[in-house]
Each structure stands twice: as structure tokens, then as C-alpha cells.
There are 2 protein chains.
Amino acid sequence: MKCKSYNLFFMNFANKTKLEIITLLRSGPLNVKTIARKIKEEQSAVSHNLKKLTDCHILDVKNLGKERVYSLNRDTVIPILKLVEKHVRKNCPKSCIKNAENN
Amino acid sequence: MKCKSYNLFFMNFANKTKLEIITLLRSGPLNVKTIARKIKEEQSAVSHNLKKLTDCHILDVKNLGKERVYSLNRDTVIPILKLVEKHVRKNCPKSCIKNAENN
DNA sequence: TGTTCATATGAAATGCAAGTCATATAACCT
DNA sequence: AGGTTATATGACTTGCATTTCATATGAACA
């Protein structure tokens, strides 16, 4: 069962680890190990998160030998992030924007 | 401190109650009591949720006598919801769309 | 086939957001 | 001022997502 509900979809953006993964993949596809190293999280934690992200089609996967390469569903994700960035710029004081970017 | 981070923003969409409030206010502003009645939640629970929604400027408030009337920040919210609806339509099997709509 | 590397999975522990309950505040009216 | 209605707030509890840890799967290659 995939994309059970909208709140399940948004849950993938409402969490530090997942959001870091999304942000990271914004600049290109990566395998699991690299993602884990870059965001400093355990491999298994990353895998669990990646599962949920792919379940909702926020990420795509491709097998490459023994690696699995994850990539962003840019069609959906980029526009959403841009909307939120715009929202924050418009509605939130400078200090908050800074905080957001440091996550 | 408002909009501390992006995941805080998305948290407002990643929860049944908040999402119901957002959906409800899509068709116009309402006071707290009415919201609580319509979504069948306790008034205090609704108030707690409304606070977070306004903190992130997803909702606006106006005082009207002893009532407080909450309204949607349509500029941000409507486009985001439309993007997600499109995403679900495109990526998720029919059964899932149904599930999503029943939440 | 056995070994290594890469990743996934399941169950149990942890953490934290959300809900609950009681109470406070605040506006309006008599 | 006192009463009533509307909403907010704080502390406590609960529910559930997330992490952790141990282990399984699976691909490549000798």
C-alpha cells in the first residue's frame, strides 16, 4: 500500500533525516552508503527512511550492481521546496530562515 | 521563534488533525468552536494545533469580538496541495487515492 | 561455493509530537 | 462586578514514528 494518505506523504518532509536526504539528492543521485556518510546517520536508519521516501514516490531507485542508487522525483519535490522557500522568505524573520538552512 | 525550520513547517501537513483543519478552511475562514465541531475534535486540541499552524503562517487569525477567526494562507497552501494532488494522481494506484481522500 | 561488500529488514528501545484534562484568560453582556 | 461564552495554556500522558541493534538478503567475484 503506497501513499496511503496525504499526511503520510508530508511526513517525508517533516523529519530532519528525510529532509536532509532530500536536500542532498537535490544535487544528484547517490547510493545508500554515500548518503549515510554525508548526513552522518547509520546505514540502517537511512535505509528505513529511504523506504518510506520511495514508497511515496518522492525518491526513485535503480539497481547498479550491488549498489542501489536513489534519486529525487524532481517533478514534485523541487516545486514544493521552492514554494516553501518563498513562503519562509516572505513570512519569517531573517533569523528563522537561517535556522531553517542550518538543518 | 517562528518557522524554526522547514521540517517544522511540513509537520503542519503531516498530521491528520492539522490536515483536516487546513482542508476545512480551504472553503473559508472559521472560528475555533466551529472547526472543533466540524472535525470532531476537542476544542483544546484544536487550539493547540491552530497555534502551530499560525506560528508557521499557514493560517492567519483575526479577532472578532470574543471569537477568533482562522483563515488559510492560500498563497502558499493551495499551490502546495495542488502539487501533492497531482503527485498522487500521477504516482499512486487508484486505491491509494481513495484512501487519501478518506482521511 | 565461500567471501566480501552493499543494502534491507525485523523487533525492541527511544524520543517526541499530539491529545487530554483542568484551568486561565479575555471579551461581551446584564 | 458577576456571569457566560469563546479560546488559550500548561502539565501530564499517550501514541506512534524513528532509531538502534542484530541479522538477513543479495549481488559480484575469486
Side-chain angles (χ1 to χ4, degrees), chain A residues 1-25 29-56 58-71 99 103, chain B residues 1-25 29-71 99-100 103:
Chain A
M1 182 193 328
K2 300 174 182 185
C3 286
K4 198 184 73 184
S5 60
Y6 289 111
N7 68 311
L8 210 54
F9 174 89
F10 282 113
M11 216 167 280
N12 290 296
F13 293 83
N15 161 270
K16 190 171 175 290
T17 306
K18 294 195 189 68
L19 208 47
E20 282 179 334
I21 292 173
I22 289 171
T23 304
L24 183 60
L25 295 183
L30 291 173
N31 64 27
V32 180
K33 211 187 171 186
T34 309
I35 296 172
R37 180 168 45 78
K38 290 225 181 193
I39 69 173
K40 287 163 192 146
E41 292 283 343
E42 282 206 2
Q43 175 267 314
S44 61
V46 171
S47 271
H48 281 299
N49 279 293
L50 288 171
K51 173 155 181 42
K52 297 194 177 171
L53 285 159
T54 49
D55 279 353
C56 279
I58 288 166
L59 302 185
D60 297 321
V61 216
K62 278 191 180 172
N63 292 17
L64 201 80
K66 47 187 167 185
E67 294 180 16
R68 311 199 80 202
V69 178
Y70 287 85
S71 60
N99 284 337
N103 275 328
Chain B
M1 181 194 329
K2 300 173 183 186
C3 287
K4 198 184 73 183
S5 61
Y6 288 112
N7 67 312
L8 210 55
F9 173 89
F10 282 113
M11 217 165 280
N12 290 295
F13 293 84
N15 162 270
K16 190 171 175 288
T17 305
K18 295 194 187 70
L19 209 47
E20 282 178 335
I21 293 173
I22 289 170
T23 304
L24 183 59
L25 295 182
L30 291 174
N31 64 28
V32 179
K33 211 186 170 186
T34 309
I35 295 172
R37 181 170 43 79
K38 291 225 180 195
I39 69 172
K40 288 163 192 147
E41 292 284 341
E42 283 206 3
Q43 174 267 314
S44 61
V46 171
S47 271
H48 281 299
N49 279 293
L50 288 170
K51 173 156 181 40
K52 296 194 178 172
L53 286 159
T54 48
D55 279 353
C56 280
H57 299 269
I58 288 165
L59 301 185
D60 297 321
V61 215
K62 277 191 179 171
N63 293 17
L64 202 78
K66 46 186 167 186
E67 293 179 16
R68 309 199 81 202
V69 178
Y70 287 84
S71 60
N99 283 337
N103 275 327

The side chain of [X] is closest to which nucleotide in this list: [options]?
X       : options               : answer
B:Glu67 : D:dA6, C:dT7, D:dT20  : D:dA6
B:Ser44 : D:dT18, C:dA22, D:dT7 : C:dA22
A:Tyr70 : C:dA8, C:dA17, C:dG19 : C:dA8
B:Val32 : C:dT7, C:dT20, D:dT7  : D:dT7
A:Ser47 : C:dA17, C:dG19, C:dA8 : C:dA8

What is the distance, rounded to the nearest whole Å, between atom [atom1] of [X] and atom [atom2] of [N]?
X       : N      : atom1 : atom2 : result
A:Lys40 : D:dT19 : NZ    : C1'   : 18 Å
B:Glu42 : D:dT14 : CD    : P     : 15 Å
B:Asn15 : D:dG15 : CG    : P     : 15 Å
B:Glu41 : D:dT7  : CD    : P     : 16 Å
A:Asn31 : C:dC5  : CG    : C1'   : 11 Å
A:Lys16 : D:dT18 : NZ    : P     : 14 Å
B:Leu59 : D:dA8  : CG    : P     : 11 Å
B:Ile35 : D:dA8  : CD1   : P     : 9 Å

Heavy-atom nearest pair, B:Val69 first then B:Pro29, reads CG1-CB, 3.6 Å
Heavy-atom pair with the smallest gap, counting every atom of B:Asn15 and A:Asn7:
N-CB, 3.6 Å
Need to verify one output field. Residue with the more 5' nearest nucleotide on DNA chain D, A:Leu64 or A:Ala14?
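Result of the comparison: A:Ala14.
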Of A:Lys66 and A:Asn49, the one whose closest nucleotide on DNA chain D sits nearer the 5' end is A:Asn49
As a test of understanding, state which of B:Asn31, B:Asn63, B:Thr54 forms a side-chain hydrogen bond (donor to acceptor under 3.5 Å, both in side chains) with B:Arg68.
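Only one of B:Asn31, B:Asn63, B:Thr54 forms a side-chain hydrogen bond (donor to acceptor under 3.5 Å, both in side chains) with B:Arg68, namely B:Asn63.
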Report yes or no: is there a donor-acceptor pair, N or O only, under 3.5 Å between the side chain of B:Gln43 and the base of D:dA8?
yes
Quick one: does A:His48 reach the base of D:dT20 with a side-chain donor-acceptor pair under 3.5 Å?
yes
So, OP1 or OP2 of [N]: does either fall under 4.0 Å of a side-chain N or O from [X]?
X       : N      : value
B:Lys52 : C:dA18 : yes
B:Lys18 : C:dA18 : yes
B:Arg68 : D:dA6  : no

In Å and rounded to the nearest 0.5 Å, what is the CG to CG distance from A:Leu8 to A:Asp55?
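One gets 8.5 Å once the value is rounded to the nearest 0.5 Å.
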Side chains of B:Lys18 and B:Asn12: any donor to acceptor distance under 3.5 Å?
no
